[in-house]
Structures are given as C-alpha cells and as structure tokens.
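One structure is given here, and the rest of the page talks about it.
Below, all heavy atoms of this structure are taken into account, side chains as well, without hydrogens, waters or symmetry copies.
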Amino acid sequence: QVQLVESGGGLVQAGGSLRLSCAASGSIFSINDMGWYRQALGKTRDLIATITSGGRISYADSVKGRFTISRDNAKNTVFLQMDSLKPEDTAMYSCYAEVLVRGGDYEYDYWGQGTQVTVSS
C-alpha cells in the first residue's frame with residue numbers, strides 16, 4: 001500500500017509565496033513521475049507541474065515562471081514552490097506519483113488527499 005500526504009497549504013495574500021510538500025510512503029520499490037494537479041470549485045482538474053525521476057520538468061502555461069517543482073528521490077518527496085501567487089491560483093492542490101510497488105509488475109498512479117491554497121486580493 002502507498003500513501004501520499006501533502007502539506008504546506010494555507011491562506012496567503014496576492015503576491016505571496018507558499019511551498020507545498022508531498023511525501024510518499026509505504027511499500028515502494030521505485031517512483032517514476034511525480035507532480036501536482038489543482039482544482040478550483042466548479043472548475044476542471046488541471047495538471048500544473050510534473051517531474052520525472054531523472055529531473056525532467058514540465059509546467060502548465062498558467063504557472064510557468066512563478067512555480068518551481070523539485071524532488072528528493074531519497075525521501076520520495078516532491079515539492080512545489082509557489083511565488084507571485086494570484087487569486088486565480090486558489091484551488092485544492094493534489095500530488096501524484098507513479099509508483100512501482102514492491103513485488104508488483106506495473107507502475108500505477110497514487111494520489112494524495114490534497115491541500116487547500118487560498119490567495120486573497
């Protein structure tokens with residue numbers, strides 16, 4: 001079994017910063033991609049950042065230049081540094097990881113429960 005737990009969300013003013021963390025634990029053999037989604041109320045869920053085990057990174061246009069994704073492979077943890085936050089960044093942020101479980105045959109996506117980010121104007 002694999003668990004992902006996000007932390008670091010909260011309420012900030014426009015222009016401020018937050019750093020989200022997501023730690024994966026459990027019966028993990030290896031992790032390939034990790035990344036972040038966000039979903040505001042009444043909106044679609046959008047992939048905003050992803051990073052491979054080798055460090056290849058991609059961003060959604062909406063966050064490019066403001067958000068930075070990174071990871072610590074030894075700790076099975078992915079981070080999202082969010083700078084210059086805007087009210088439209090308000091959403092539930094969820095992390096995911098492509099995990100090969102110990103004794104398993106395939107990698108599957110696992111999700112955290114999410115952490116709320118609210119940006120006030």
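The environment of Q113 atom CD is sparse: at most 12 non-hydrogen atoms of other residues, nucleotides or ligands sit within 6.0 angstrom.
Defined by atom type and a distance below 3.5 Å, a donor-acceptor pair is present between the side-chain atoms of D46 and T44. A donor and an acceptor atom, one from each side chain of D83 and S17, are located under 3.5 Å apart.
Scored by the side-chain contact (heavy atoms from CB on, under 4.5 Å) test, T68 finds Y59, Q81 as partners (sequence neighbours excluded). Contacts of S58 classified as side-chain contact (heavy atoms from CB on, under 4.5 Å), with partners at least two apart in sequence or in another chain: T50.
Considering only heavy atoms from C-beta on, F79 stays 4.5 Å or farther from C22 through its side chain. Taking the side chain as every heavy atom from C-beta outward, R71 and N76 never approach each other to under 4.5 Å. Between L80 and I48 the shortest side-chain heavy-atom distance falls below 4.5 Å. Taking the side chain as every heavy atom from C-beta outward, S94 and E6 approach each other to under 4.5 Å. For the pair Y96 and V78, the minimum side-chain heavy-atom distance is 4.5 Å or more. Using a 4.5 Å heavy-atom threshold, the side chains of L20 and M82 count as touching. Looking only at side-chain heavy atoms (C-beta outward), R66 and K86 come within less than 4.5 Å of each other.
Annotation for A91 and Q116: closest pair O-NE2, 3.4 Å, computed over non-hydrogen atoms. Shortest non-hydrogen contact noted between C95 and L4 is SG-CD2, 3.6 Å. Across all non-hydrogen atoms, the minimal contact from A24 to I31 is CB-CD1, 4.0 Å.
In terms of modelled atom types and a separation under 3.5 Å, the side chain of T90 and the main chain of T118 share no donor-acceptor contact. Looking at S62, its side chain never comes within 3.5 Å of a backbone N or O of A60 through a donor-acceptor pair. Within the 3.5 Å criterion, the main-chain N or O of S53 finds a donor-acceptor partner in the side chain of N73.
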Name every donor-acceptor pair, under 3.5 Å, that has one atom in a side chain of residues 101-109 and the other anywhere in the protein, sequence neighbours excluded.
residue : atom : partner : partner atom : Å
R102    : NE   : I28     : O            : 3.2

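Residue I51 holds its CD1 atom at 11.0 Å from CG of N32, rounded to the nearest 0.5 Å. Annotation: the span from D33 atom CG to T52 atom OG1 amounts to 6.0 Å, rounded to 0.5 Å. Between the CD atom of Q1 and the OH atom of Y110 there is a distance of 8.5 Å, given to the nearest 0.5 Å.
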Report task. Take V117 and R38 through the side-chain contact (heavy atoms from CB on, under 4.5 Å) test and state the conclusion after the steps. Result -> CA-CA 9 Å; V117 172; R38 70 183 182 185; over 6 Å; no
Report task. Determine, stepwise, if the pair F67 / D89 fulfils side-chain contact (heavy atoms from CB on, under 4.5 Å). Result -> CA-CA 11 Å; F67 291 9; D89 294 319; 4.0 Å; yes
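For an aromatic pair to be called close, the ring centres must be under 6.0 Å apart, and W111 with Y37 satisfies this.
Criterion: ILVMFWY side-chain heavy atoms under 4.5 Å apart, direct or through other members. Under it, I69 and L47 are not part of a common hydrophobic cluster.
Each of S121, S120, P87 was evaluated against Q13; a single residue qualifies, S120, per the side-chain contact (heavy atoms from CB on, under 4.5 Å) test.
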